[in-house]
Amino acid sequence: RDVENMRLIRSLVRHVKYFLGLRFDVSGWEHLQTEGPYVIISNHQSSLDVLGLMEILPDRCTMIAKKELIYAGTVGLICWLGGIVFINRKKPNDARSVMIDASKTMLDDKIRLWVFPEGTRNQTGNLLPFKKGAFHLAVQAQVPIIPIVFSSYSSFYLRKQKQFNSGTITIKILPKIETKGLTSDDIPSLIDKSFHLMNSSFLSISNSVPHSNGPCKH
Ligand SMILES: CCCCCCCC/C=C\CCCCCCCC(=O)SCCNC(=O)CCNC(=O)[C@H](O)C(C)(C)COP(=O)(O)OP(=O)(O)OC[C@H]1O[C@@H](n2cnc3c(N)ncnc32)[C@H](O)[C@@H]1OP(=O)(O)O
Ligand SMILES: CCCCCCCC/C=C\CCCCCCCC(=O)OC[C@@H](O)COP(=O)(O)O
């Protein structure tokens, strides 16, 4: 169990896109060129996000995930080996203390953490209101937040209708948001700022997805 295992996991998972006929169009690489720990936040539409995540995953970066994933067979084992931090969403107090510990581990072990602040998968066409843990994490560790947005999958993947076509996913890495000097009082405005940046970016990249061979919702 070590964050370094993510290098191998990343290089293996990166091949899956070829089987699914998916392409990634990434912009903003330069925003990931930040030294030291940071918190990445991104929108969460489906387990397909794992492919986009592995496409751009920086070194020494692992994720916060729901603890149910540990029991998901091989996937659970891989997650455990990759040093994923598991939280129990049914016990928010426990989840919070795990994340408070993580803010220390991040600094001690120079680890970056990827959090899905919506807290659940969402394909409503807008981002869900953000949970607060990712922002507490960044403020407690005094590290920057890097927002990342994946364009809507709805043009090629409709879960309910069981439709899946090849398509291109646009990934936009946004400029980092500094948290140095911020305290817990600043969290509401930090969330507000991050949410609006990401939601507007999500809407703009989702409308301009260039290729899709499948049915179009919009
Ligand atoms: C061939 C195939 C091979 C396959 C191989 C596969 C390999 C795969 C490998 C790798 C893939 C990995 C992929 C992983 C993906 C996983 C994704 C997921 O699992 S998404 C679900 C879990 N994620 C979250 O839930 C987000 C984190 N959640 C939070 O941060 C929440 O905030 C949480 C749980 C900590 C608390 O949630 P609350 O529901 O209670 O709501 P709140 O409003 O956010 O917080 C309540 C109060 O607690 C305070 N609070 C929250 N966090 C705090 C903290 N850290 N410190 C102090 N106060 C805190 C807040 O300020 C708030 O209080 P006031 O309203 O402000 O008074
Ligand atoms: C036609 C099939 C399209 C799907 C293809 C999926 C291919 C993905 C390839 C490898 C990824 C497998 C790793 C799965 C990790 C899943 C993480 C995940 O998404 O957990 C759900 C959790 O975050 C939120 O849970 P809820 O939405 O609250 O419950």
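Being a predicted model, the structure only gives us computed values, none of them experimental. In listed order, ligands and their atoms are each counted from 1.
Annotation for ligand 1: atoms under 4.0 Å from non-hydrogen atoms of Ala95 are 34 (C). Those atoms of ligand 2 that come under 4.0 Å of a heavy atom in Leu48, given as number and element, are 4 (C), 5 (C), 6 (C). Close approach of ligand 2 to Phe164 (heavy-atom distance below 4.0 Å) involves ligand atoms 1 (C), 3 (C). The atoms of ligand 2 that sit less than 4.0 Å from any heavy atom of Leu51 are 9 (C). Near Ile100, meaning under 4.0 Å from any of its heavy atoms, are these atoms of ligand 1: 55 (N), 56 (N). Residue Val50 has at least one heavy-atom neighbour below 4.0 Å for each of these atoms of ligand 2: 11 (C), 13 (C), 15 (C). Under a 4.0 Å criterion applied to the non-hydrogen atoms of Ile78, ligand 1 contributes the atoms 5 (C), 7 (C). Proximity to Met63 (heavy-atom distance under 4.0 Å) selects the following atoms of ligand 1: 12 (C).
Not a single heavy atom of Glu68 sits under 4.0 Å from any atom of ligand 1. Taking 4.0 Å as the cut-off, Ala134 counts as a neighbour of ligand 1 on heavy-atom distance. For Glu68, the closest heavy-atom approach to ligand 2 does not fall below 4.0 Å.
In this pair, Phe130 and Phe195 present their aromatic rings perpendicular. The plane angle is above 60°, beyond the 30 to 60° band.
In terms of protein heavy atoms, atom 25 (O) of ligand 2 is closest to Lys66 NZ, 3.0 Å. Regarding atom 28 (O) of ligand 2, its nearest protein heavy-atom neighbour is Thr120 OG1, 2.6 Å. Looking only at protein heavy atoms, the nearest one to atom 37 (O) of ligand 1 is Lys131 CD, 3.8 Å. Protein heavy atom closest to atom 9 (C) of ligand 1, with residue, atom name and distance, is Met54 CE, 3.8 Å. Ranking protein heavy atoms by distance to atom 30 (O) of ligand 1, first place goes to Gly133 CA, 3.0 Å. The protein heavy atom nearest to atom 16 (C) of ligand 1 is Ala65 CB, 3.5 Å. Counting only heavy atoms of the protein, atom 19 (O) of ligand 2 lies nearest to His44 CE1, 3.4 Å. Summary of contacts: the protein heavy atom closest to atom 12 (C) of ligand 1 is Ile84 CD1, 3.4 Å. With respect to atom 35 (C) of ligand 1, the closest heavy atom belonging to the protein is Met99 SD, 3.8 Å. Nearest non-hydrogen protein atom to atom 17 (C) of ligand 2 is Leu69 CD1, 3.9 Å. Remark: minimum distance from atom 55 (N) of ligand 1 to any protein heavy atom is reached at His136 CB, 3.4 Å. For atom 8 (C) of ligand 2, the closest non-hydrogen atom on the protein side is Ser47 O, 4.0 Å. The nearest heavy-atom contact from the protein to atom 13 (C) of ligand 1 is Val50 CG2, 3.8 Å.
Between Asn43 and Asn122, the side chains place no donor N or O within less than 3.5 Å of an acceptor N or O (distance only, hydrogens not considered).
When Met6, His15, His44 are ranked by how near their heavy atoms come to atom 20 (S) of ligand 1, first place goes to His44. Ranked by closest heavy atom to atom 56 (N) of ligand 1, the top entry among Gln140, Lys66, Lys90, Lys67 is Gln140. Heavy-atom proximity to atom 48 (O) of ligand 1, evaluated over Arg121, Lys91, Lys132, Arg96, is greatest for Arg96.
Both Val16 and Ile169 are part of a single hydrophobic cluster, where members link through side-chain heavy atoms under 4.5 Å apart. Hydrophobic clustering (ILVMFWY, side-chain heavy atoms < 4.5 Å, transitive): Ile145 and Ile100 are in distinct clusters. In the hydrophobic cluster analysis, where Ile, Leu, Val, Met, Phe, Trp and Tyr join through side-chain heavy atoms closer than 4.5 angstrom, Leu128 is grouped apart from Leu203. A chain of hydrophobic side-chain contacts below 4.5 Å, direct or via other Ile, Leu, Val, Met, Phe, Trp or Tyr residues, connects Ile9 to Leu77. Under a hydrophobic clustering in which Ile, Leu, Val, Met, Phe, Trp and Tyr are joined whenever their side-chain heavy atoms come within less than 4.5 Å, directly or via other members, Trp29 and Tyr38 fall into the same cluster.
With a 4.0 Å heavy-atom cut-off, ligand 1 is reached by no atom of Leu137. When non-hydrogen atoms are compared, ligand 1 lies under 4.0 Å from neither the backbone nor the side chain of Ser103. Residue contacts with ligand 2 for Gln123 are absent, since no atom lies close enough (heavy atoms, distance under 4.0 Å). Neither the backbone nor the side chain of Thr74 has a heavy atom within less than 4.0 Å of ligand 1.
Taking the side chain as every heavy atom from C-beta outward, Phe24 and Ile56 never approach each other to under 4.5 Å. Between Met63 and Leu53, the closest side-chain pair of non-hydrogen atoms falls below 4.5 Å. Residues Met99 and Val85 fail the side-chain proximity criterion, which asks for heavy atoms closer than 4.5 Å. Residues Lys17 and Arg23 are not in side-chain contact: their nearest non-hydrogen atoms beyond the backbone lie 4.5 Å or more apart. In this structure the side chain of Thr183 reaches within 4.5 angstrom of the side chain of Asp186, judged on heavy atoms. Looking only at side-chain heavy atoms (C-beta outward), Gln45 and Ser152 come within less than 4.5 Å of each other.
Looking at every heavy atom in both residues, Ser166 comes nearest to Gly21 through CB-O, 3.0 Å.
Annotation: the span from Ile87 atom CD1 to Glu68 atom CD amounts to 9.5 Å, rounded to 0.5 Å. Going from atom NZ of Lys172 over to atom NE2 of His31 covers 8.5 Å, rounded to the nearest 0.5 Å. Met6 contributes atom CE, which lies 6.5 Å from atom CG of Leu57 (distance to the nearest 0.5 angstrom). To the nearest 0.5 Å, atoms NZ (Lys91) and NZ (Lys67) are separated by 7.5 Å.
Of the charged side-chain nitrogens involved, none lies within less than 4.0 Å of a carboxylate oxygen, so that Arg7 and Asp2 do not count as a salt-bridged pair.
Checked by distance only, ligand 2 and Arg121 come closer than 3.5 Å through their nitrogen or oxygen atoms. Residue Ser46 places no N or O, backbone or side chain, under 3.5 Å from any N or O of ligand 2.
For atom 32 (O) of ligand 1, the protein comes within 4.0 Å by at least one heavy atom. Protein non-hydrogen atoms do not reach within 4.0 Å of atom 3 (C) of ligand 1. Within a 4.0 Å radius of atom 5 (C) of ligand 2, the protein contributes at least one heavy atom.
Here the rule is ring-ring contact (aromatic ring centres under 6.0 Å, His included) with His44, and of Tyr153, Phe202, Phe150, Phe116 only Phe116 fits it.
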